[in-house]
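Only one structure is covered here, and it is reproduced in the block below.
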Amino acid sequence: MADGSQISITLPDGASRSYPAGVTGADVAADISKSLGKAAFAVKIDGTLSDLSKPIEADAALEIVTAKDDAALELIRHDCAHIMARAVQELWPDVKVTIGPVIDNGFYYDFDRAEPFTPEDLEVIEKKMRDIINLRDAVRTEVWDRERAIAHYEAMDEPFKVELVGMIPEGEPIRMYWHGEWQDLCRGPHLAHTGQVPADAFKLMSVAGAYWRGNSDNPMLQRIYGVAFRNKQDLKAHLTILEEAALRDHRKLGREMHLFHMQEEAPGQIFWHPNGWTLYTTLQDYMRRRQRDGGYVEVNTPQVVNRRLWEESGHWENYQEHMFIVEVDEEHAREKSVNALKPMNCPCHVQIYNQGLKSYRDLPLRMAEFGACNRYEPSGALHGIMRVRGFTQDDAHIFCREDQIEAECARFIEFLSSVYKDLGFEKFEIMFATRPEKRVGTEESWDRMEAALEAAIRKTGHEYTLDPGEGAFYAPKLDFKLTDAIGRVWQCGTFQVDPNLPERLGATYVGEDGAKHRPFMLHRATLGSFERFIGILIENYAGKFPLWLAPRQVVVASIVSDADDYVHEVVAKLRALGLRAEADTRNEKINYKVREHSLGKVPVILAVGAREVEERTVTLRRLGEKQTQVLPLDEVAASLAAEATPPDQRG
RNA sequence: GCUGCUGUAGCUCAGAGGUAGAGCACUCCCUUGGUAAGGGAGAGGUCGAGAGUUCAAUUCUCUCCAGCAGCACCA
């Protein structure tokens with residue numbers, strides 16, 4: 001290997017050292033110091049993460065990766081996946097292995113095994129993994145040629161590995177790894193030995209089905225998920241975050257706060273209770289005002305629409321299986337009338353557009369609808385109120401000329417940004433999906449549409465992330481992803497250029513030249529669907545809504561029954577100012593009432609006893625705070641009313 | 001839709017081949033209490049639906065429905 005020539009290794013501090021060609025990162029680390037030699041996890045050779053054992057043949061910048069580096073965490077998770085696979089095969093030798101990548105917070109590995117893994121199995125596997133870690137087996141690697149690797153896996157009866165070897169592109173090395181007797185195919189890199197994975201900082205979380213290579217036509221494998229960290233504290237912190245996220249679950253809070261329920265007879269559809277519907281209509285009223293101010297006209301279109309329209313729009317062909325079909329068998333009719341509950345609003349909006357002649361003077365025409373849609377979503381996709389079969393979009397279609405796209409897009413980005421801010425989401429990201437491989441239209445037309453969207457983003461001062469090839473087959477689009485209070489990202493808003501549907505449904509306008517032209521249609525939604533967005537709001541705020549959104553705003557609770565009359569007076573006063581106020585004059589102690597309304601996430605509790613009656617004050621307590629303040633009734637009423645004013649109506 | 005798990009009182013959950021239990025919530029009584037559960041009594045369930053095995057099924061088996069986790073899907 002080494003031909004005796006010397007190479008120069010430059011370290012991060014700028015120092016360079018001379019070694020014979022073929023030296024490994026492990027050699028260099030050990031040469032620098034004995035302790036670094038032990039602490040080394042891997043190396044970065046000219047910035048590329050590699051195995052410690054990889055021979056270095058030419059001058060290079062070298063960085064020794066130890067436990068404290070960011071890269072180390074990835075290596076730990078990756079090796080943890082392999083150690084898990086080894087543990088599984090040592091426990092059940094007939095299990096076939098497939099792939100095991102690193103994911104957020106951990107890793108998974110997919111196995112092929114006839115028997116399902118049980119939660120008890122996971123504990124057994126964890127124990128075995130700790131044994132493997134304690135063995136401190138060195139990780140060894142070799143690069144093999146394709147034929148040898150395939151022959152090896154055929155001999156091992158590992159059909160998935162044979163397939164994987166076959167998929168590795170020509171020219172890429174086929175890396176074979178070992179620790180102990182166990183072997184796996186992997187592009188690496190890996191740790192130096194299994195003992196570098198902390199034995200007390202990983203946990204196997206769950207097992208679930210997953211299709212081989214992500215394709216539902218392929219067989220289903222069993223995927224074991226795990227999390228892994230540098231140390232026990234980080235693992236514990238992660239588990240705590242999971243517990244806290246579970247406490248915000250909108251399904252749990254929806255029940256506890258009496259917002260909504262769902263039941264078997266209407267899967268994927270929501271029974272909104274008074275509290276939840278108050279939240280819903282408050283949000284909808286807000287959006288209605290914002291859209292009116294934003295230059296939209298509001299319309300409403302039918303729920304049950306003949307299949308003819310869906311055939312014209314192209315949806316029947318593509319989405320029939322996901323539509324609720326309604327057949328009506330009228331007496332004496334020659335044939336049944338076949339309709340579908342509308343799964344989207346756009347074709348109906350074009351019908352309104354198409355009534356009467358439109359002039360270029362009518363454009364841009366911004367047509368909004370809180371459009372109630374029904375889609376027959378696959379049963380496995382349903383999730384609380386986040387993914388449902390009956391939902392209402394804050395939908396709008398902007399009919400415009402091509403030269404108006406940029407301005408309309410910029411206008412929408414500003415609109416969305418302001419709405420998100422009002423609703424408590426300061427941070428959002430724009431995904432810019434450009435022309436896909438399979439597309440219609442000329443390159444010039446794509447150039448123009450993409451340029452218009454990009455210019456609009458720049459004009460509004462935002463950044464974007466490019467999502468190449470992910471546009472619709474007829475035009476590019478933007479997706480807007482907001483970040484919630486615990487860092488989760490939700491795609492809500494969308495802005496999609498569409499020259500296609502106006503064409504299919506025959507939309508036209510009369511231009512300055514007196515001839516008919518084809519308008520563009522811009523599909524856009526800010527919240528997406530009210531149902532899903534409310535789910536996001538619930539989880540973002542953990543049920544503790546800002547006053548203007550809170551379904552129950554104020555409870556006025558008596559401390560003694562002699563204060564009951566005053567309680568009702570206070571409630572009446574608050575209600576007269578538009579506040580959602582309730583009286584609690586039940587024969588219960590104030591402790592009990594405070595506890596109950598705190599659990600009910602009521603933002604403000606006003607307690608009144610003999611003193612308050614006497615002084616015409618109230619004692620105010622905010623949700624989550626321990627201290628109280630005694631305030632004059634008039635003052636409290638005015639300040640709460642101001643606080644409860646929706647953000648768009650504040651002075 | 002696929003794989004696995006789950007379905008018992010309004011909620012959270014125990015239970016067992018011989019037709020059910022706890023805590024909280026609910027109703028009534030006592031208590032008028034100053035900021036996260038005052039005390040007592042009472043009522044409440046075709047054990048998700050259907051079929052099968054059995055003298056007997058809520059319990060075992062099968063089918064279906066729904067929910068949960070993940071995968072696939074999301075116009």
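The sequence lines fix the lettering, A, B, ..., with proteins before strands; numbering per chain opens at 1. Just so it is clear, the values below take in all heavy atoms, side chains as well, and ignore hydrogens, waters and symmetry mates.
Contact check on A:K342 versus A:E369 returns a salt bridge, with a Lys/Arg side-chain nitrogen under 4.0 Å from an Asp/Glu carboxylate oxygen. Residues A:R213 and A:E163 are paired through a salt bridge, judged by an N-O separation under 4.0 Å between the basic side chain and the carboxylate.
A:V560 comes within 4.0 angstrom of a nucleotide base, judged by non-hydrogen atoms across all strands. In this structure, A:Y592 reaches the sugar-phosphate backbone alone: every heavy-atom distance under 4.0 Å involves primed, P, OP1 or OP2 atoms, never a base. The residue A:G384 sits close only to the backbone: its heavy atoms come under 4.0 Å of sugar-phosphate atoms, none of a base. The residue A:Q496 sits apart from the nucleic acid: no heavy atom pair falls under 4.0 Å. No engagement by A:R389 is indicated, since no non-hydrogen atom pair under 4.0 Å with the nucleic acid exists. A:L221 comes within 4.0 angstrom of nothing in the nucleic acid, heavy atoms only. Residue contacts shown for A:A610 include a base, since a base heavy atom lies under 4.0 Å away. A:Y108 comes within 4.0 angstrom of no nucleic acid atom, judged by non-hydrogen atoms across all strands. Using a 4.0 Å heavy-atom criterion, one finds that A:T619 contacts the bases of the nucleic acid, with or without backbone contacts as well. A:H383 comes within 4.0 angstrom of sugar-phosphate atoms only, judged by non-hydrogen atoms across all strands, and of no base. Residue-level contact check: A:N591 touches the backbone only, with heavy atoms under 4.0 Å from sugar-phosphate atoms and none from bases. Residue contacts shown for A:G214 are limited to sugar-phosphate atoms, with no base heavy atom under 4.0 Å away. Among the heavy atoms of the strands lying under 4.0 Å from A:R223 are primed sugar atoms or P, OP1, OP2 only; no base atom is included. As judged by a 4.0 angstrom heavy-atom cut-off over every strand, A:P378 is placed among the base-contacting residues.
Base pairing annotation: B:C11 forms a Watson-Crick or G-U wobble pair with B:G23, both donor-acceptor distances under 3.5 Å. The pairing partner recorded for B:A36 is none, the criterion being a Watson-Crick or G-U wobble arrangement whose two distances lie under 3.5 angstrom.
In this structure, of B:A75, B:U35, B:A36, it is B:A75 that holds the atom nearest to the side chain of A:P343. Distances from the side chain of A:H315 to the nucleotides B:A75, B:C11, B:U35 place B:A75 closest. Side chain of A:M220, nearest nucleotide from B:G67, B:C2, B:G4: B:C2. Listed candidates were B:G7, B:A69, B:A36. Nearest to the side chain of A:E264 is B:G7.
A:F533 and A:F425 have perpendicular rings, their planes meeting at more than 60° on a 0 to 90° scale where under 30° would count as parallel. Using cut-offs of 30° and 60° for the angle between ring planes, the A:F399 and A:H397 rings count as tilted.
In this structure, A:R113 forms a cation-pi arrangement with A:F117, its terminal cationic atom sitting closer than 6.0 Å to the ring centre and no more than 45° off the ring axis.
The 5' end of RNA chain B is approached more closely, in terms of each residue's nearest nucleotide, by A:S379 than by the other of A:S379 and A:V594.
B:G21 sits 15 Å from B:G42 when the P atoms are compared, rounded to a whole Å. B:A14 and B:G7 have their P atoms separated by 8 Å, given to the nearest Å.
A close approach under 4.0 Å does occur between a side-chain nitrogen or oxygen of A:R255 and OP1 or OP2 of B:U12.
For a distance-only test at 3.5 Å, the side chain of A:R375 fails to qualify as a donor-acceptor partner of the base of B:C73.
Residues A:M449 and A:P499 approach most closely at SD-CG, 4.5 Å, considering heavy atoms.
Across the protein-nucleic acid pair, A:I103 atom CD1 and B:G70 atom P stand 11 Å apart, rounded to whole Å.
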